Visitor: 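One structure, as structure tokens, below. Some questions next.
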Amino acid sequence: MRRRLAAGNWKMHGLSADLDEARALARDTATARCERLICPPATLLAPMAAALAGSGVLLGGQDCHHTASGAHTGDVSAAMLADAGASHVIVGHSERRSDHGETDDQVATKAAAAHAAGLVAIICLGETEAERDRGQTLAVVSGQLAGSLPDSASAVNTVIAYEPVWAIGTGRTPTEAQIAEVHAALRGALQRLLGGEGAGIRLLYGGSVKPGNAAAIFALPEVDGALVGGASLKAADFAAIVSALDSSG
Ligand code: PGA
């Protein structure tokens, strides 16, 4: 049984004053059955952990270095995220892959570092619009999956987020059939790579998930939740998505 997960990715948004949104989200979703996760900027992890203590809302980082400590100015390690109150970390988000040139290999080493620090790694992958237009979507995401999964991956410590690059922050989403096709392919690939563990790994959809389209997306087979960017910044929107997820499963 895969527990459903609503994950919010605040990206480079959020100052101390925005902790109130997180508090409102915790309050408004207090009876949720699905897991709720917020990934704020690293600067807000510790204060958000204090603000949400006892609420059941989980916290995650948005990236980590592949080593535990060292001379890496500006980087944050998985152990540091855990120390600040995180239980999860996003790795391989398309913005990291494009802004910082991260490769599948690097994403796999980051996910392994997350596991070593006791964190759940949310490994992101997804095709560009050009790749979809060329009919390469399934080949691209299967390749990213195989290349980005470390040997340490299990159903407990790993979540996969399918996020088509062209759907992130654009208000555009794939059709329901396209999402279902990719999730089915990813499930098959996970089972080929990891056997029984692959059946237990949760598959999130991400890319312009909003209160208005969440229920239809969550009704699709093999969609175990969502990774939400823009709509996670407003408690009311994220709470509506959490509620859609709860009603769907
Ligand atoms: P979006 O972002 O919901 O704003 O499209 C999703 C993501 O990048 O995780």
Side-chain angles (χ1 to χ4, degrees), residues 4-14 18 21-22 25 29 34-42 44-45 57-64 81 86 88-102 107 110-111 114 119-129 131-132 137 140-141 144-145 148 158-176 178-179 182-183 186 202-218 220 223-245:
R4 308 195 128 210
L5 170 62
N9 172 12
W10 278 22
K11 309 192 179 183
M12 202 170 73
H13 299 287
D18 299 300
E21 283 301 317
L25 185 267
T29 59
C34 64
E35 275 185 353
R36 297 157 294 156
L37 169 70
I38 302 179
C39 301
L44 282 188
L45 270 173
V57 176
L58 303 169
L59 293 180
Q62 299 176 8
D63 175 53
C64 65
L81 297 174
H88 292 61
V89 62
I90 299 168
V91 292
H93 189 281
S94 73
E95 288 151 16
R96 300 285 319 172
R97 290 177 186 263
S98 66
D99 292 359
H100 300 274
E102 290 186 8
V107 174
K110 288 179 178 217
L119 299 182
V120 175
I122 301 178
I123 301 175
C124 301
L125 41 84
E127 83 285 3
T128 63
E129 186 156 34
E131 288 164 341
R132 178 163 281 281
T137 298
V140 166
V141 298
Q144 288 175 326
L145 181 71
S148 307
T158 301
V159 173
I160 303 296
Y162 166 54
E163 301 203 300
V165 177
W166 53 274
I168 294 174
T170 60
R172 299 165 60 206
T173 52
T175 65
E176 290 162 27
Q178 288 170 330
I179 296 173
V182 174
H183 279 238
L186 288 172
R202 288 173 290 179
L203 284 174
L204 309 183
Y205 169 78
S208 297
V209 176
K210 309 275 183 237
N213 60 19
I217 292 170
F218 296 149
L220 298 170
V223 173
D224 301 311
L227 181 54
V228 183
S232 73
L233 295 170
K234 287 272 159 280
D237 285 352
F238 198 39
I241 291 168
V242 167
S243 159
L245 187 58

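When a ligand or atom number is given, it counts from 1 through the structure's own listing order. The structure displayed is predicted, hence computed values, not measured ones.
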Visitor: Would you call A231 a ligand 1 contact, heavy-atom distance under 4.0 Å?
Guide: no

Visitor: Short question: side chain of S208, backbone of A167 - any donor-acceptor pair under 3.5 Å?
Guide: yes

Visitor: List the closest protein heavy-atom neighbour of atom 3 (O) of ligand 1: residue, atom name, distance to the nearest 0.1 Å.
Guide: G229 N, 2.8 Å

Visitor: Does K210 come within less than 4.0 angstrom of ligand 1, counting non-hydrogen atoms of the residue?
Guide: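 It does not, in that no heavy atom of K210 comes within the 4.0 Å cut-off of ligand 1.
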
Visitor: So, the side chain of H100 versus the backbone of E102: is there a donor-acceptor pair under 3.5 Å, distance only?
Guide: no

Visitor: Ignoring hydrogens and geometry, is there a side-chain-to-backbone donor-acceptor pair from K110 to V91 under 3.5 Å?
Guide: no

Visitor: Heavy-atom pairs closer than 4.0 Å: do any link ligand 1 to the side chain of N9, the backbone, both, or neither?
Guide: side chain

Visitor: Determine, for R4 against D224, whether the closest basic-nitrogen to carboxylate-oxygen distance falls under 4.0 angstrom.
Guide: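 Salt bridge: no.
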
Visitor: Please could you name the atoms of ligand 1 that A167 approaches to less than 4.0 Å, counting only its heavy atoms?
Guide: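 In order of numbering, the contacting atoms are 5 (O).
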
Visitor: Is the closest heavy atom of G207 to ligand 1 under 4.0 Å?
Guide: yes

Visitor: Just by distance, do the side chain of Q62 and the backbone of K11 share a donor-acceptor pair under 3.5 Å?
Guide: yes

Visitor: Judged by atom type as modelled, is there a donor-acceptor pair below 3.5 Å linking the side chain of Q178 to the main-chain atoms of T175?
Guide: yes

Visitor: Any nitrogen or oxygen of G206, side chain or backbone, less than 3.5 Å from one on ligand 1?
Guide: no

Visitor: Against heavy atoms of G169, which atoms of ligand 1 measure under 4.0 Å?
Guide: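 Matching atoms, with element in brackets: 1 (P), 4 (O), 5 (O).
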
Visitor: Quick check on contacts: which atoms of ligand 1 are under 4.0 angstrom from a heavy atom of E163?
Guide: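 Checking each atom against E163, I get 6 (C), 7 (C), 8 (O), 9 (O).
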
Visitor: Taking only heavy atoms of K11 into account, list the atoms of ligand 1 that are under 4.0 Å away from them.
Guide: 2 (O), 7 (C), 8 (O)

Visitor: Suppose I only count heavy atoms of G230 and a 4.0 Å limit; which atoms of ligand 1 are within that range?
Guide: 1 (P), 3 (O), 4 (O)

Visitor: Purely on distance, is any nitrogen or oxygen of H93 under 3.5 Å from one on ligand 1?
Guide: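 Indeed, backbone or side chain, H93 has an N or O that close.
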
Visitor: Classify the angle between the aromatic ring planes of H183 and Y205 as parallel (below 30°), tilted (30 to 60°) or perpendicular (above 60°).
Guide: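 The rings of H183 and Y205 sit tilted, inter-plane angle from 30° to 60°.
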
Visitor: Does any N or O in the side chain of R97 come within less than 3.5 Å of the main-chain N or O of C124, such that one atom is a donor and the other an acceptor?
Guide: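 Flag set: sc R97 to bb C124 pair under 3.5 Å.
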
